[in-house]
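Only heavy atoms go into these numbers, but all of them, side chains included; no hydrogens, no water, no symmetry mates. Since the model is a prediction, treat every value here as computed from it, not as a measurement. The chains referred to below are lettered A, B, ... by the order of the sequence lines, with proteins before strands, and numbering in each begins at 1.
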2 protein chains.
Amino acid sequence: MNRKSGCAVEVTLSVMGGTWKPIILFHLLHGKKRFSELDRQIGGITQRMLTLQLRELEEAGIVERTVHAEVPPRVDYALTALGQTLQPVLLAMRHWGETYAREHLQEDAAPAHCTMDTEAAVPLQRAA
Amino acid sequence: MNRKSGCAVEVTLSVMGGTWKPIILFHLLHGKKRFSELDRQIGGITQRMLTLQLRELEEAGIVERTVHAEVPPRVDYALTALGQTLQPVLLAMRHWGETYAREHLQEDAAPAHCTMDTEAAVPLQRAA
DNA sequence: CAGCATCCCTGAAGATACTG
DNA sequence: CAGTATCTTCAGGGATGCTG
């Protein structure tokens with residue numbers, strides 16, 4: 001746990017900070033996803049990174065990993081109740097990014113898989 | 001600009017991501033601050049890092065740098081109107097961090113300089 | 001399919017010293 | 001006071017190949 005100056009912001013960062021975690025979490029807001037789905041939907045991530053990040057999120061109690069004892073193997077990941085509470089943060093980030101891109105970058109909006117209906121996605125279970 | 005998978009979240013991250021930027025921005029929510037004030041209030045950051053991060057934020061149009069032509073030299077930093085729009089994101093992060101720390105880390109809340117009255121701080125100028 | 005193991009590399013961040 | 005200038009370290013991340 002990294003708490004350089006003891007700020008609550010850093011606690012959040014230590015859990016969902018980094019290059020990939022916010023993106024992974026964002027895709028999971030949609031609902032549970034399989035490893036390969038995440039792999040495909042998040043362009044550019046390596047399997048190694050995806051695995052590592054998912055493990056860290058799992059250890060922080062943010063995502064839940066379910067292994068189905070089948071052949072071929074199937075594993076899916078979903079946000080835990082605690083993970084759901086990150087929704088406001090993630091949505092705030094997305095909203096800001098969209099506005100910034102639109103008003104300051106003059107680029108088109110994010111592609112469909114990112115502009116997905118997250119507002120109407122999974123309802124918050126613990127507004128904390 | 002890093003847009004690996006084109007997500008709006010990444011746009012936000014590219015602007016306010018990293019180890020120090022959120023913390024710096026957080027301290028600036030309070031109002032304008034001098035270089036040395038930030039240096040002191042953010043425990044553990046080096047002058048070099050502080051300078052670098054502030055320059056990047058300045059270039060992104062998030063903070064404004066004001067040089068006072070005096071002796072001894074004085075420079076202060078403040079959020080621009082655009083920077084103010086990050087408030088919701090920052091506050092959401094802090095709020096989540098506080099709750100997480102309280103409920104899952106069983107540690108005391110953040111120190112005073114972080115629990116500062118940011119809710120009542122500078123009002124949003126462009127809710128975007 | 002999901003994911004480890006290995007090796008490698010870059011770039012973010014730190015330490016320290018100096019200056020207009 | 002508010003930075004620069006160097007040098008160094010190291011962890012985040014990439015590529016590839018193998019396996020239960």
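- Within the 4.5 Å cutoff, the side chain of B:L29 has no heavy atoms near those of the B:L86 side chain.
- Between B:R55 and B:E59 there is no salt bridge, since no side-chain N of the basic residue sits under 4.0 Å from a carboxylate O of the acidic one.
- Overall bending of the helix from C:dC1-D:dG20 to C:dG20-D:dC1, expressed as the angle between end axes built from five pairs apiece, is 60° (10° steps).
- The distance between atom CZ of B:F35 and atom P of D:dT4, rounded to the nearest whole Å, is 8 Å.
- When rounded to the nearest whole Å, the span between CZ of B:R40 and P of D:dG3 equals 14 Å.
- The nearest whole Å value for the distance from the NE2 atom in A:H68 to the C1' atom in C:dG3 is 16 Å.
- When the C1' atom of C:dT16 is taken as reference, atom CG of B:D39 falls 15 Å away, rounded to whole Å.
- Contact check, B:S36 against D:dA2: a side-chain N or O comes under 4.0 Å of OP1 or OP2.
- A:W20 has its CH2 atom 16 Å from the C1' atom of D:dA11, to the nearest Å.
- Across all their heavy atoms, A:A78 and A:K32 have their closest contact at CB-CB, 3.6 Å.
- If you take CG of B:D76 and P of D:dG3, they are 10 Å apart, rounded to a whole angstrom.
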Using side-chain contact (heavy atoms from CB on, under 4.5 Å), reason through A:M16 and A:I62 one step at a time and then give a plain yes or no. CA-CA 9 Å; A:M16 59 153 298; A:I62 301 297; over 6 Å; no
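- Considering only heavy atoms from C-beta on, B:L82 comes within 4.5 Å of A:Y100 through its side chain.
- From A:Q84, atom CD reaches atom CG of A:L90 across 10.5 Å, with rounding to the nearest 0.5 Å.
- The phosphate of D:dA15 has neither OP1 nor OP2 within less than 4.0 Å of any side-chain N or O from A:T46.
- Here the C1' atom of nucleotide C:dG14 and the CD1 atom of B:I42 are 16 Å apart, to the nearest Å.
- Here A:R48 lies in heavy-atom contact (under 4.0 Å) with a base.
- Residues B:Q47 and A:Q47 both approach DNA chain C. Their nearest nucleotides, taken by heavy-atom distance, put A:Q47 toward the 5′ side.
- Regarding B:R74, its CZ atom lies at a distance of 13 Å from the P atom of D:dC1, rounded to whole Å.
- Closest approach of A:L57 to A:V15, counting heavy atoms only: CD2-O, 3.8 Å.
- In this structure, CH2 on B:W96 lies 11.0 Å from CG on A:L13, to the nearest 0.5 angstrom.
- Under the 4.5 Å side-chain heavy-atom criterion for Ile, Leu, Val, Met, Phe, Trp and Tyr, B:F35 and B:V71 are members of distinct hydrophobic clusters.
- For the segment residues 49-60 of chain A, the set of residues with a heavy atom within less than 4.0 Å of an atom of DNA chain C comprises A:T51, A:R55, in numerical order.
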